[in-house]
Amino acid sequence: MDYLPLFADLKHRPVLVVGGGDIAARKIELLRRASAHIRVAAREIGPELQPLLETGAIEWIATRFEPAQLDDVFLVIAATDDNALNAQVFDEANARHRLVNVVDDQPKCSFIFPSIVDRSPLVVAISSSGTAPVLARLLREKIEALLPGNLGQMAEVAGQWRDKVKQRYRRMSDRRRYWERAFNGLFASQMAAGNVNEARQTLDRELENSDDRQGEISLVGAGPGDSGLLTLRGLQVMQLADVVLYDHLVSDEVLELVRRDADRICVGKRAGAHSVAQEETNQMLVTLAQQGKRVVRLKGGDPFIFGRGGEELQAAKAAGIPFQVVPGITAAAGATAYAGIPLTHRDYAQSVMFITGHCRADGDGIDWAALARARQTLAIYMGTVKAAEIASALIAHGRAATTPVAVIGRGTRQDQQVLTGTLEQLEELAAAAPSPALLVIGEVVNLHAQLAWFQHSVQPGARESAVVNLA
């Protein structure tokens, strides 16, 4: 280990910065976040620092560096473009056993600034010991994406409960288990949702009855297939799951992101082959949560768009189970974007309608006249089985038989296929498309020939998307 990682308390401690330009300004911003008392020795103060000087946020002590300025400071930063001056600052600071950093000159540093993920009071620091700062920055960006923004507030609230937990549990192992349950349970989810009062009540309730661990249900949209379209929040929730109930529409590459030791239960439904009844799925969600488990209900696309997510959460609400919803990119948005088909375009369509090809037998009749209006886009989910019926009804109610259509099979995945033609050919196109498939009807389909990009972007060796035009 080339450097010992330390977290220094700089509150109101004097720190000397030699230099007044933009390089110094970057370091001063970090020092200000740590509430340091910043002294600057510089020939002049640059425009970046001028507002700080005027408000008293920094102190300009001299127009040149003098070794005596090091006598009563905590640490030193040399941030000038004068190599000789930087070397002098380093030597004089070392002679006085002061920690010193010469910016962008690693051999002249007795301490270095790491890449920082700031979720104060939680702070994560990443360092390559000065050998590969760009790599450290890239790692910081990945960690930034994984750590929820509310972690700092969560740590603050937890800090307010530390004494209570110590009084309740005398053994450190018991305290550790309490906090592990809290940070991996309902408390963490409530904090993430901004329900701070409820989160505080959860800490108290679990403190009073440690055996009464309450589970929860997280309804997560997995997106249309490409794992890169899974939301950051969705990934975070999946990584904390005890059990995941998923649909057939969830792609294998998304399922690979589920926590390794989580139980996985497929409750998917396929046309004509319902493996698990909806009511059974609802009860399973409730039962698992009542056992104190963190249950993730993973649905393709967005769970509130033809995904029956509302029905499942109504069951959770009736049973008194806490729940949260993580939206996903719905198939109509994801698949059409990957196919190069804008859902709206001022020259072709001023509105878009999302429709399901599966309707309840006891539901209201479809307003085909409204659906057949020109200059609008229809995005039809689960419509391949009834493609002939859909096309006939639209044509009968005034939509031209030559209206452009597309059937996007396995949208956003590496084997995506986009079949285009006209409304009168919809049945043939739907029969040829792989499942799952989305039907798109409207003049915007004509833009596919110009804007298709995904099939040209797959890596060598991958199966290229097929573009079939039956017109």
Side-chain angles (χ1 to χ4, degrees), residues 1-11 13-49 52 57-147:
M1 187 164 61
D2 295 327
Y3 290 86
L4 177 66
L6 298 171
F7 288 88
D9 180 5
L10 298 183
K11 290 185 180 65
R13 296 181 186 271
V15 175
L16 177 65
V17 178
V18 180
D22 57 346
I23 298 174
R26 292 200 302 269
K27 300 304 180 185
I28 286 173
E29 174 58 29
L30 283 174
L31 295 171
R32 290 185 63 234
R33 285 161 60 181
S35 301
H37 177 195
I38 304 165
R39 301 174 182 176
V40 178
R43 183 173 60 253
E44 58 184 16
I45 296 294
E48 299 90 347
L49 295 177
L52 300 180
I58 62 175
E59 181 184 2
W60 189 12
I61 63 171
T63 57
R64 56 178 294 173
F65 168 72
E66 298 288 349
Q69 296 163 358
L70 300 169
D71 289 341
D72 63 345
V73 297
F74 194 67
L75 55 83
V76 185
I77 298 168
T80 79
D81 55 7
D82 185 333
N83 291 334
L85 175 56
N86 288 342
Q88 180 191 4
V89 174
F90 176 75
D91 291 339
E92 295 288 353
N94 261 345
R96 290 165 173 77
H97 304 292
R98 297 288 187 268
L99 290 173
V100 59
N101 176 281
V102 177
V103 179
D104 293 333
D105 193 350
Q106 187 262 340
K108 291 186 175 62
C109 294
S110 57
F111 81 93
I112 55 178
F113 285 93
S115 291
I116 296 172
V117 180
D118 189 0
R119 300 288 189 272
S120 294
L122 181 68
V123 178
V124 180
I126 306 105
S127 172
S128 65
S129 299
T131 59
V134 174
L135 176 60
R137 178 177 58 79
L138 292 174
L139 289 175
R140 178 189 64 79
E141 291 172 357
K142 292 180 181 296
I143 295 173
E144 282 272 13
L146 288 173
L147 297 183

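These values consider heavy atoms only, across backbone and side chains, with no hydrogens, waters or symmetry-generated copies. Keep in mind that what you see is a predicted model, and the values were worked out from it rather than measured.
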R96 CZ: over 12 foreign heavy atoms closer than 6.0 Å: yes
CA sep, side-chain torsions, deciding dist, call: T80, V89, side-chain contact (heavy atoms from CB on, under 4.5 Å): CA-CA 10 Å; T80 79; V89 174; over 6 Å; no
Q69 side-chain N/O to R64 backbone N/O, donor-acceptor pair under 3.5 Å: yes
CG-CG distance between L31 and L75, expressed to the nearest 0.5 angstrom: 7.0 Å
Whether over 12 other heavy atoms sit under 6.0 Å from D81 CG: no
Residue pair N86 / F90, side-chain heavy-atom distance below 4.5 Å: no
Within-4.5 Å side-chain heavy-atom neighbours: D72 and R39: yes
Heavy-atom donor-acceptor pair, S110 side chain to V100 backbone, under 3.5 Å: yes
L52 and W60: CA distance, side-chain angles, deciding distance, side-chain contact (heavy atoms from CB on, under 4.5 Å) verdict: CA-CA 10 Å; L52 300 180; W60 189 12; over 6 Å; no
Validation row: L30, R26 side chains within 4.5 angstrom (heavy atoms): no
Other residues, nucleotides, ligands: >12 heavy atoms within 6.0 Å of D118 CG: yes
Any side-chain heavy-atom pair of F111 and L6 under 4.5 Å: no
Distance (rounded to the nearest 0.5 Å) between I143 CD1 and I126 CD1: 4.0 Å
Side chain proximity check, V17 to I58, heavy atoms < 4.5 angstrom: no
Under 3.5 Å donor-acceptor, R98 side chain and D71 backbone: yes
Gap separating the CZ atom of R33 from the CD1 atom of I116, nearest 0.5 angstrom: 6.5 Å
Check: A132 main-chain N/O paired with R137 side-chain donor or acceptor under 3.5 Å: no
Over all atoms of both residues, closest heavy-atom pair of F74 and D9: CE2-O, 4.4 Å
Nearest-0.5 Å distance, NE2 of residue H37 to CG of residue L10: 12.5 Å
Heavy-atom closest contact (L16 atom, F65 atom, distance): CD2-CE1, 4.2 Å
Minimum-distance pair of heavy atoms, taken over all atoms of A42 and G19: CB-C, 3.6 Å
